[in-house]
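As structure tokens, the structure follows; a few thoughts come after it.
The structure displayed is predicted, hence computed values, not measured ones. All residue numbers refer to positions in the sequence shown, counting from 1.
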Amino acid sequence: MRLAAHVSDSGEQQILRVDANGFTKVYSCDVFEACGPARFHKDGKRVYMETNKGDRDRIELVLFDPATMKEEFIETDPMKRVDLGGVVFSEVTEELALTTYTDEKTRRYFKDKKLEADYKWLQSKLPGREIGMGSSTSDEQLWLISATGDTEPGSTYLFDRKNKKLTLQYIVREKLPRESLSSMQSIRYKSSDGLEIPAYLTLPKGLSGKSLPTIILPHGGPWARDFWGYNPLAQFFANRGYAVLAPNFRGSTGYGKKFLNAGNGEWGKKMQDDLTWGVKHLIAEGIADPKRVAILGGSYGGYATLAGVAFTPDVYRAGVDIVGPSNLNTLLEAIPPYWEAGKKMMFSRMADPGTAEGKAWLKERSPLTAADKIKTPLFVIQGANDPRVNKAEAEQIVIALRDRKFPVEYMLAPDEGHGFQRPVNNMAMFMAIEKFLAKHLDGRYQEGGTPEVQKRLTEITVDPATVKLAPKVDASAASIPKTATGLTPGVYKYQAKISVAGQEIPIKLSTTIKDEDGVYIATDAMETPMGVVSDEATLDKATLEVKKRSVRQGPMALDVTYADGKASGKMAMNGQDRPIAADTGGALFADAAAAQFSIGALPLADGYKATYRNFDLQRQKQKLMQLQVAGSESITVPAGTFDCYKVEQSSAEGGPEKATIWIDKASRKSVKMTSIMPSMNGATMVMELLP
């Protein structure tokens, strides 16, 4: 190892030289800059760096010498418009072969003339396509290349450079009729303060392009950008007759540091103006019908949707919010302490919730604060297991509009997190979206759908009249519930699987319980394709209160002690130690290894309920949990058939944590458990006891 990259707690990106006695910082950039090594020069000493450190606006390519700390300029965008997009090196000569810049489309600057000639030949065979170069043989005579475009989702070829031969390997979305797709054009318009906003416009094929129902489609991030090429959402809505505008509003990446930083402190203000002035531009051009404009987006795009209908209620006739944050204070509070660098960046670009001024700014820019001003028909779409945007934020807006008798529709998928992953849920969602937009923009939609999708649409559509916020639970009501029995030492093995995004991941689980010196030592071990995860807990023998916890997962190690309502310890990740020091609010129960066995030790009976404390290690805050016995069931698992209590555990505060545990009445063993994993975007884990 010669160089290492490190992000400090202040958010500073650091490049470290590896010396005999440790690391030496040789290069750095702050949270408003970007820098990083791309590849060592063939001399083995200097390194190609991508950087916009200092007074440079755009990311450029330099050669940096870690020994002397001197840098040599190589290249910046010849047109002075965008950041360096990428670099390609020859593995044969180790020379720089190509630089790219993503502007309206991708521009390429070849250093290798043979590669340039080959690229031009490929362009002649695949006209109008963006050609990407993938892997190659060691002599670089055979390449895998991709061809994409606004009306071409993608095709992959084997390119024989010597014999000038292209062999098709596969086509992406091969059943999609390319002739029916709409072209995408790059446009620019000025915002409220004169800043020029780049954007992509897709118009429905076969129509005049005038007085169209229009959808504004802000991207997520927001520190990201849209590109020219195949955009499934734009194509879907264009097929339904809508003009679709995808603006790269200020704060988007790729257009230089000034453009990116122009978004600092502008959530809900000038970033929103950039969308509003996009609407004005399309109206002025005669493209958009001013009475038929909608806004739709996910994540930050969902926030922009809510901000659009809350802060500029006269601009839009309809809005579709997909997992968008409505409360910015809550959004920033959800950042885990170990993500210190990311937190610093978000605080710097938004506001610091740790200050009175920051809290006030975040409240002012939160659409939830202005929910009483919303008069636009709104469709809110949420995943019940979203760890970032709690469903309560969505439901507060639904309730606010419902109670004011304004049109609102609500979709809640119980098996999704921050964005839908399951195909059946996505199909149901877009069936509902196109019908919603058609109703409010006088557009059109396609009837029908498979029985499976129709059924799912019914299941995840929520009547706003039934929406109720989870009642607040008084933390003083939480306590260590009295147990009816102790734990039975032994080793308990389970077969398990995690289901996520249509895939199943098999895992092996075991719980080991030992009786040692007046305490129980419980260990959960999980064997996954990514490695082994272990969770060890020390439990008070009389009460099963959690006293200590130790977790090991890859490069992460966590050790924490709980005493007198305090958590203390440290979390080590990638060689960095971060302290744990927080209030737990009281004693913890069923919050570590063998948690389901602790629950089995309670005096379970039909109707039994309990509320107790857990500790959120990521946020370093207490969380209240509740359980109830929902009934009795006979359960068959590999270990046999058992007469069980069915115990349902959930967050008492409306969070996404949910589990159902089947406890054998005779032995009080946990024989089966299903649980939602919010950290994996709503993945579901099922575990069953083995003989």
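One distance of note links CG of D30 with CE of M345; it measures 12.5 Å at 0.5 Å rounding. Note that CG of L487 is 13.5 Å distant from NZ of K669, once rounded to the nearest 0.5 Å. To the nearest 0.5 Å, atom NZ of residue K373 and atom OG1 of residue T369 are 9.0 Å apart. The CD1 atom of I322 lies 4.5 Å from the CG atom of L296; values are rounded to the nearest 0.5 Å. With rounding to the nearest 0.5 Å, the separation of OH in Y520 from OG in S598 is 9.5 Å. From M625, atom CE reaches atom NZ of K658 across 11.0 Å, with rounding to the nearest 0.5 Å.
Taking 4.0 Å as the cut-off between side-chain N and carboxylate O, K391 and E393 do not count as a salt-bridged pair.
Looking at heavy atoms from C-beta onward, R668 lies out of side-chain contact with T488 at the 4.5 angstrom threshold. Contact annotation: the side chain of S651 never approaches that of K623 to less than 4.5 Å [non-hydrogen atoms, C-beta and beyond]. Taking the side chain as every heavy atom from C-beta outward, V546 and F615 never approach each other to under 4.5 Å. The closest side-chain heavy-atom distance from N329 to K359 is below 4.5 Å. Taking 4.5 Å as the limit, every side-chain heavy atom of I460 sits out of range of all side-chain heavy atoms of M429. The side-chain heavy atoms of N264 and E266, taken from C-beta on, include no pair separated by under 4.5 Å. Side-chain contact check for L306 versus I397: some heavy-atom pair is nearer than 4.5 Å. Side chains of I521 and E536 form a contact here, defined as non-hydrogen atoms less than 4.5 Å apart.
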Checklist entry - Which is it for N614 and L588 under the side chain to side chain contact (heavy atoms under 4.5 Å, CB included) test, yes or no, and what are the steps along the way? => result CA-CA 5 Å; N614 279 188; L588 307 180; 5.6 Å; no
Item to check | side chain to side chain donor-acceptor pair (under 3.5 Å) assessment of Q596 paired with Y492 | outcome: CA-CA 12 Å; Q596 68 272 32; Y492 306 90; over 6 Å; no
Item to check | Derivation and outcome, side chain to side chain contact (heavy atoms under 4.5 Å, CB included), residues R456 and N425 | outcome: CA-CA 7 Å; R456 192 57 177 158; N425 289 336; 2.8 Å; yes
Next on the checklist: Please evaluate residues F406 and V408 with respect to the criterion side chain to side chain contact (heavy atoms under 4.5 Å, CB included), reporting the C-alpha separation (whole Å), side-chain torsions for both, the decisive distance (0.1 Å), and the verdict.
Outcome noted: CA-CA 6 Å; F406 278 95; V408 62; over 6 Å; no
Checklist entry - Between T641 and T636, does a side chain to side chain donor-acceptor pair (under 3.5 Å) hold up when you go through it step by step? => result CA-CA 4 Å; T641 299; T636 299; 2.9 Å; yes
Next on the checklist: Set out, in order, the CA-CA distance, both residues' side-chain angles and the distance that settles salt bridge (Lys or Arg N to Asp or Glu O under 4.0 Å) for E416 and R422, then state yes or no.
Outcome noted: CA-CA 8 Å; E416 296 287 3; R422 293 160 177 79; 3.4 Å; yes
Next on the checklist: If you apply the rule side chain to side chain contact (heavy atoms under 4.5 Å, CB included), what do you find for H418 with S299, and how did you get there?
Outcome noted: CA-CA 8 Å; H418 192 61; S299 196; 3.0 Å; yes
Item to check | From CA spacing to verdict: salt bridge (Lys or Arg N to Asp or Glu O under 4.0 Å), D583, K566 | outcome: CA-CA 5 Å; D583 291 330; K566 305 285 185 182; 2.4 Å; yes
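Residues P414 and A384 share a closest heavy-atom pair of CA-CB, 3.8 Å. Residues K482 and L602 share a closest heavy-atom pair of O-CD2, 3.6 Å. Taking each heavy atom of A593 and D524 in turn, the nearest pair found is CA-OD2, 3.3 Å. The shortest non-hydrogen separation linking W223 to G251 is CD1-O, 3.3 Å. The nearest pair of heavy atoms linking G600 to I663 is CA-CG2, 3.8 Å. Among all heavy-atom pairs drawn from Y494 and S670, the shortest one is OH-O, 2.6 Å.
When only modelled atom types and interatomic distance are considered, S568 and T561 share no side-chain donor-acceptor pair under 3.5 Å. Side-chain contact of Y303 with Q272: a donor-acceptor pair under 3.5 Å is absent, judged by distance alone. Side-chain contact annotation: D643 with S634, donor-acceptor N/O pair under 3.5 Å absent. Judged purely by distance below 3.5 Å, without hydrogens or angles, the side chains of D352 and T355 never pair a donor atom with an acceptor atom. Under the 3.5 Å distance criterion, with hydrogens and angles disregarded, a donor-acceptor pair is assigned to the side chains of Y410 and E395.
Applying the side chain to side chain contact (heavy atoms under 4.5 Å, CB included) rule to A400 yields the partners A371; only residues at least two apart in sequence or on another chain are considered. Residues passing the side chain to side chain donor-acceptor pair (under 3.5 Å) test with K665, sequence neighbours excluded: S632.
Heavy atoms of other residues, nucleotides or ligands lying less than 6.0 angstrom from CG of D463 number more than 12. Counting heavy-atom neighbours within 6.0 Å of Q553 CD, excluding the residue itself, gives a total of 12 or less.
The residue from R552, R578, R549, K548 that alone fulfils the salt bridge (Lys or Arg N to Asp or Glu O under 4.0 Å) condition with D559 is R552.
The closest donor-acceptor contact from the side chain of T543 to the backbone of E545 lies under 3.5 Å. A donor-acceptor pair is defined here as one N or O able to donate and one able to accept, closer than 3.5 Å; such a pair exists between the side chain of T584 and the backbone of G565. In this structure a side-chain-to-backbone donor-acceptor pair under 3.5 Å is missing from S326 to A394.
The aromatic ring centroids of Y608 and Y645 lie 6.0 Å or more from each other. Aromatic ring centres of W267 and Y300 lie closer together than 6.0 Å.
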Show me the donor-acceptor pairs, under 3.5 Å and distance only, between side chains in residues 683-691 and residues at least two apart or in other chains.
| unit_1 | atom_1 | unit_2 | atom_2 | d |
| --- | --- | --- | --- | --- |
| E688 | OE1 | Q495 | NE2 | 3.2 |

